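Note that the numbering runs from 1 along the sequence shown for the chain. The structure displayed is predicted, hence computed values, not measured ones.
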Amino acid sequence: MNSHLRALQDWLGQQNLDLGYISNPVNINYLTGFYSDPEERVTALIAFPDHDPFLFVPALSVEAVKLTGWPYDVFGYLDHEEPFKLIADHINAATSTTKLWAIEKDDLPVFRYEAILKNFPQAAFPADASRFLEGQKLFKTPDEIALMVEAGQQADRAFAAGFAAIKAGVTEQEVVAEIEYAMMKEGVMNMSFDTIVQAGADAANPHGGPEKTKLQPGELVLFDLGTDNKGYMSDATRTVAFGEVTGKAKDIYDVCLEAQLTAQAAIKPGLTAAELDKIARDVITKAGYGEYFIHRLGHGIGTSTHEFPSIMEGNDMTLEPGMCFSIEPGIYIPGVAGVRIEDCVHVTETGSESFTHTSKEFTRID
């Protein structure tokens with residue numbers, strides 16, 4: 001049994017719970033080594049404090065579970081069968097105590113919660129497994145950090161492919177296609193999120209996607225990308241100049257870079273998330289662009305690109321070794337330009353180390 005699953009079992013026992021129902025596919029992978037997006041079907045890990053867990057999956061996934069080396073029971077169901085009736089049968093075969101459950105309150109839809117209650121009308125749900133798991137995932141092991149280092153190296157190569165694709169008249173979407181094709185050719189089949197390439201004023205929309213906008217010299221081009229390396233993610237952003245870029249766009253780049261470098265250099269155990277956010281925000285505010293920095297400084301990363309904790313105002317969590325998160329200040333001026341510069345790091349005993357190493361200095365591509 002891996003340490004993550006053992007920790008879940010220990011927690012169930014400490015909380016005097018009878019069982020845990022885990023349904024988030026990312027968390028199931030974290031606990032078992034099996035990942036599948038079940039779509040509309042049901043996939044669940046049922047864990048107990050005092051005996052072996054089991055996986056419940058669509059019948060078409062049973063062999064995939066076995067291929068992972070999962071050493072415990074796996075039960076499948078056919079599409080015409082009622083999954084929660086079968087889950088109930090398997091739970092009742094394993095234990096006679098089924099009243100106190102832990103569920104992922106962040107993940108379990110109401111209709112599935114009601115299906116559990118239909119089969120276990122006396123069930124109560126005093127514990128939130130979502131909170132437990134986010135706490136467990138907060139501190140990465142050396143093996144997990146090694147996988148994220150490799151994912152960061154993949155992201156660096158993705159940047160290189162993207163920068164090489166820049167030329168007049170090519171669209172943002174075409175540059176994305178070049179990046180993802182280059183990664184697939186080297187065996188990286190999954191990006192960690194939809195790759196973003198935005199040129200000129202498009203980048204002033206921080207949650208926009210690649211459009212059919214054609215790249216033209218004299219504009220900044222923003223790249224936000226990452227890869228999925230065996231279930232562990234990378235995430236980084238670079239903004240480069242296509243040709244000569246001056247004026248307001250160059251100014252906000254310089255300010256954003258100063259904020260990013262200053263914050264990243266300040267990371268150390270004992271600093272709070274709120275203090276780190278303020279370090280970057282103060283640089284941007286002092287330069288007169290505070291109103292254009294419209295999101296938190298960073299987010300946790302690991303088995304998901306966005307996970308606990310948030311590096312933001314109001315979060316007084318103390319940074320500790322093993323925590324992994326992004327440092328990504330941004331300045332977005334509608335109709336003018338947008339700049340974001342991002343590295344994800346892991347906290348060390350004395351500071352931090354970045355997972356990505358593509359240059360952040362102002363880079364001109366002709």
Heavy-atom side-chain contact between Y35 and P25 under 4.5 Å: yes
Over 12 non-hydrogen atoms of neighbours within 6.0 angstrom of CG in D106: yes
By side chain to side chain contact (heavy atoms under 4.5 Å, CB included), T97 pairs with (sequence neighbours left out) D18, T95
Non-hydrogen side-chain atoms of K248 and I333 separated by less than 4.5 Å: yes
How about V42 and F84: do any of their side-chain heavy atoms sit closer than 4.5 Å? yes
Pair K278 + E275, salt bridge at N-O below 4.0 Å: no
Tell me whether E134 is salt-bridged to K137, with the criterion being a basic N under 4.0 Å from an acidic carboxylate O. no
Strictly below 4.0 Å, N to O, side chains only: are D143 and K230 in salt-bridge contact? no
Could you measure the distance from the CD1 atom of I279 to the OG1 atom of T262? Nearest 0.5 Å is fine. 8.5 Å
Do the side chains of I327 and M317 join up, straight or via other hydrophobic residues, at under 4.5 Å, putting them in one cluster? yes
Per ring-ring contact (aromatic ring centres under 6.0 Å, His included), F56 is matched among F75, Y21, Y77, F34 by Y77
Test your reading of the model: is there a side-chain donor-acceptor pair from D343 to the backbone of S354, 3.5 Å cut-off? no
Begin with the C-alpha distance, continue with both residues' side-chain angles, and end with the deciding distance and a verdict on ring-ring contact (aromatic ring centres under 6.0 Å, His included) for F355 and H346. CA-CA 8 Å; F355 294 114; H346 65 96; 5.3 Å; yes
Are the side chain of D128 and the backbone of K105 linked by a donor-acceptor contact shorter than 3.5 Å? yes
Ignoring hydrogens, what is the shortest heavy-atom contact between I311 and L319? Give both atom names and the distance. CD1-CD2, 4.4 Å
Ignoring hydrogens and angles, tell me if any N or O in the side chain of W70 forms a donor-acceptor pair with the backbone of Y72 under 3.5 Å. yes
Under 3.5 Å, is there a donor-acceptor pair between the side chain of E180 and the main chain of A177? no
Can any side-chain N or O of E211 pair as donor or acceptor with the backbone N or O of D202 at less than 3.5 Å? no
Please list, chain by chain and in numerical order, all residues satisfying side chain to side chain contact (heavy atoms under 4.5 Å, CB included) with F139, sequence neighbours excluded. E320, M323
Atom pairs and distances, donor-acceptor, side-chain atoms in residues 284-295, under 3.5 Å, two or more places apart:
from	atom 1	to	atom 2	distance (Å)
T285	OG1	R281	O	2.9
Y289	OH	D251	OD2	2.4
H295	NE2	Y332	OH	2.7

Do I46 and H90 make a side-chain contact, defined as non-hydrogen atoms from C-beta onward lying under 4.5 Å apart? no
Is the shortest side-chain heavy-atom distance between V345 and C324 below 4.5 Å? no
Looking at residues at least two apart in the chain, or sitting in another chain, which of them share a ring-ring contact (aromatic ring centres under 6.0 Å, His included) with F308? none
E307 vs K140, test: salt bridge (Lys or Arg N to Asp or Glu O under 4.0 Å). Steps then yes/no. CA-CA 13 Å; E307 60 184 45; K140 273 62 177 183; 2.8 Å; yes
Sequence neighbours excluded and cut-off under 3.5 Å, please list the side-chain donor-acceptor pairs for residues 146-164, or say none.
from	atom 1	to	atom 2	distance (Å)
E150	OE1	N229	ND2	3.4
Q154	OE1	T227	OG1	2.7
D156	OD1	H357	N	3.1
D156	OD1	T358	N	3.0
D156	OD1	T358	OG1	2.7
D156	OD2	H357	N	3.0
R157	NE	E186	OE1	3.1
R157	NE	E186	OE2	3.0
R157	NH2	E186	OE2	2.7

Does the side chain of V221 come within less than 4.5 Å of V197's, by heavy atoms? yes
Name all residues meeting the ring-ring contact (aromatic ring centres under 6.0 Å, His included) criterion together with F48; count only those two or more places apart in sequence or in a different chain, and write none if there are none. H51
Is R340 paired with D224 through a side-chain N to carboxylate O contact shorter than 4.0 Å? yes
Taking side chain as C-beta onward, heavy atoms only, is N27 less than 4.5 Å from E104? yes
Under 3.5 Å: donor-acceptor pair, side chain of H299, backbone of T305: yes
Mind checking whether I341 and V245 sit in one hydrophobic cluster, side chains of I, L, V, M, F, W, Y counted as touching below 4.5 Å? yes
For F362, does the CZ atom have more than 12 heavy-atom neighbours from other residues, nucleotides or ligands under 6.0 Å away? yes
Lys/Arg N to Asp/Glu carboxylate O, K250 vs E219, below 4.0 Å: no
Please walk me through it: do T239 and F223 pass side chain to side chain contact (heavy atoms under 4.5 Å, CB included)? CA-CA 6 Å; T239 306; F223 294 78; over 6 Å; no
Distance only, no hydrogens: is a donor on one side chain within 3.5 Å (strictly under) of an acceptor on the other, for T350 and K268? no
Exceeds 12 heavy-atom contacts within 6.0 angstrom, atom NZ of K118: no
